[in-house]
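In what follows, a structure is listed as structure tokens, so that the remarks can point back to it.
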Amino acid sequence: MKDHIPAEFYRLLKNQCSDKGFESFLNQVNEEQYQGVYGQLIADTLAAEVSPQEIDASLQKRLDQRLALILASNKPKQSRLRPLFKYAIAASILLTVGVAMVFFGRKEFSKSINPLARKIIEAGGQKATLTLSDGSQLFLDHLKNGDLAKESGISIVKTKDGELIYQSLEDPEASQVAASHIPQKYNVLETPKGGQYQIVLPDGTKVWLNAASSLKFPASFAQLENREVELTGEAYFEVAKDKLKPFKVMAIAADGLRETIEVLGTHFNISSYADESKLQTTLLEGSVKIGAKVLTPGQQSVRTKTGLKIKEIDVEEVIAWKNGFFVFENDNLEGILKKLSRWYDVTIVYDGSLNHVKVIGSVARSTDLEQVLRMLEKTDKFKFKLEGRRVFVMP
């Protein structure tokens, strides 16, 4: 696999890469042959072959400038890099922190001046609980792949990729007739802190559920006029088209804040956590209707107690979690720590507000917590102390 790494990559490491060579490097990593492996190769190669001393100030400055230009110029409609590669490369440098911590954080962590615990707190993974209409619960991360249950003419299958699929057992018309004679049944998919999961609903709609989230949905849409689901937390939807049955999401956030999002067939992300004072809907494709407002691709609606606002947004940043990354574009530390708390299943303890501290950068969600905290410390604005599963923020 190492033989497939472009020569320009090695020249870049030695600060011998020309402008034209850098452009060639970016073009090469966008080719199909590097799909799914290149981001990991970058990290592995750097960690194995380059010492921190070799990454001098001039190279660091050069990489920072290049990556800043990539993040600034590659908008959703004209992105030259596929999102996965853009963030894989950007993850190589945490833009606000200085020298190569994402490469060498694991090696250098033992030298940290902070009393962080040596026990590694690993990243979250595929964990969820499915509650059936009769109240029985299936702990999906502990079950074998294959058929899990059947109800309302639907078979529930767990795949080897950790995905839950609802499949019709009958002819659609026969299924609809049969379903019309029985009470509607609902299932609930819940992810804990440190968990995420994917599901294909009975109509073919795909949903990615983020950590500490819940999705309530009908076991079958056959007898319903609308396809209605209920969400708390965060999820990314790719809705199957059905003009006869609009798809609706009832999103519920803090203090009774709720909103109904109406769609036909589209891709969008909803964030509606119970510990947030806002409810955000971000549209990638198609259109969604929120009250009297209609979003177009690249827009985000923000619902608060004071009303609804719509703004243009970098959608790739919003769905980075689905693609395996944390991406921070001048985000406040308080919001970042909430994301870390959900993904690593830890409690964050601090006094006052941290909204004034801004962070720019990117890191893989597979990175263990200690490395992420160590990188954040390089801003020199705060330090962390880890005791068990409690993280203390210290000025």
Side-chain angles (χ1 to χ4, degrees), residues 124 128-129 131 186-197 199 201 205 207-218 226-239 246-263 266-284 287-295 299-315 317-322 326-329 331-348 350 353-355:
T129 301
T131 303
Y186 288 86
N187 291 178
V188 179
L189 181 65
E190 296 176 278
T191 54
K193 282 188 172 183
Q196 64 180 22
Y197 222 82
I199 182 172
L201 298 178
T205 292
V207 185
W208 286 255
L209 202 61
N210 204 349
S213 301
S214 172
L215 182 72
K216 181 180 179 181
F217 56 93
N226 297 313
R227 297 171 289 165
E228 298 184 4
V229 302
E230 187 176 291
L231 171 72
T232 58
E234 185 168 24
Y236 173 78
F237 293 81
E238 292 184 355
V239 177
F247 194 94
K248 297 183 179 181
V249 181
M250 170 62 76
I252 303 173
D255 300 324
L257 187 65
R258 60 180 57 210
E259 188 164 69
T260 299
I261 296 93
E262 301 181 33
V263 304
T266 187
H267 299 181
F268 60 99
N269 191 89
I270 299 175
S271 179
S272 59
Y273 281 105
D275 60 352
E276 300 282 3
S277 58
K278 58 187 177 182
L279 196 158
Q280 298 172 310
T281 302
T282 307
L283 182 65
L284 283 80
S287 64
V288 299
K289 185 178 181 182
I290 302 173
K293 303 289 186 180
V294 177
L295 295 187
Q299 289 186 328
Q300 180 183 82
S301 70
V302 182
R303 169 75 69 181
T304 64
K305 287 186 176 182
T306 60
L308 180 70
K309 293 183 179 180
I310 296 178
K311 60 182 180 180
E312 300 293 325
I313 194 76
D314 182 352
V315 297
E317 177 191 352
V318 174
I319 66 166
W321 69 268
K322 170 183 167 289
F326 289 112
V327 175
F328 311 127
E329 297 283 0
D331 294 354
N332 68 70
L333 180 62
E334 199 163 309
I336 291 172
L337 292 179
K338 285 183 179 180
K339 293 179 180 180
L340 297 183
S341 173
R342 296 176 193 131
W343 186 234
Y344 293 97
D345 189 14
V346 294
T347 300
I348 311 291
Y350 58 90
S353 174
L354 298 175
N355 287 331

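Please read all numbers here as calculations on a predicted model, not as lab measurements. Numbers here simply count residues along the sequence, with the first being 1.
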In Å and rounded to the nearest 0.5 Å, what is the [atom1] to [atom2] distance from [X] to [Y]?
X: W321; Y: W343; atom1: CH2; atom2: CH2; answer: 9.0 Å
X: L209; Y: E190; atom1: CG; atom2: CD; answer: 9.5 Å
X: R303; Y: I310; atom1: CZ; atom2: CD1; answer: 9.5 Å
X: L257; Y: E276; atom1: CG; atom2: CD; answer: 11.0 Å
X: D345; Y: L340; atom1: CG; atom2: CG; answer: 12.5 Å
X: E262; Y: S287; atom1: CD; atom2: OG; answer: 11.0 Å

Taking the side chain as every heavy atom from C-beta outward, state whether [X] and [Y] have any atom pair closer than 4.5 Å.
X: E259; Y: I270; value: no
X: W208; Y: Q196; value: no
X: F247; Y: V229; value: yes
X: I199; Y: Y197; value: no
X: Q280; Y: S271; value: yes
X: M250; Y: R258; value: yes
X: F217; Y: V207; value: no
X: R227; Y: L201; value: no

Test applied, side-chain contact (heavy atoms from CB on, under 4.5 Å); reference residue, I290; option that passes from L295, T260, L279, L283: L295

Would D275 and R342 count as a side-chain contact (heavy atoms from CB on, under 4.5 Å) if you check the C-alpha gap in whole Å, the side-chain angles of each, and the deciding distance to 0.1 Å? CA-CA 11 Å; D275 60 352; R342 296 176 193 131; 2.8 Å; yes

For a quick test of reading the model, state the closest non-hydrogen atom pair linking [X] to [Y] and the distance between them.
X: S214; Y: V188; result: OG-CG1, 3.5 Å
X: V346; Y: K193; result: O-NZ, 3.9 Å
X: V239; Y: T205; result: CA-OG1, 3.6 Å
X: Y273; Y: A211; result: OH-O, 2.7 Å

For K338, I'd like to know if atom NZ has over 12 heavy atoms of other residues, nucleotides or ligands within 6.0 Å.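 Yes.
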
Heavy-atom neighbours of K322 NZ exceed 12 at 6.0 Å: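 Result for NZ/K322: enclosed.
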
Ignoring hydrogens and angles, tell me if any N or O in the side chain of [X] forms a donor-acceptor pair with the backbone of [Y] under 3.5 Å.
X: T191; Y: S213; result: yes
X: N332; Y: E334; result: yes
X: S341; Y: K339; result: no
X: S272; Y: G233; result: yes

Whether F268 and F237 hold their rings parallel, tilted or perpendicular, with breakpoints at 30° and 60°: parallel

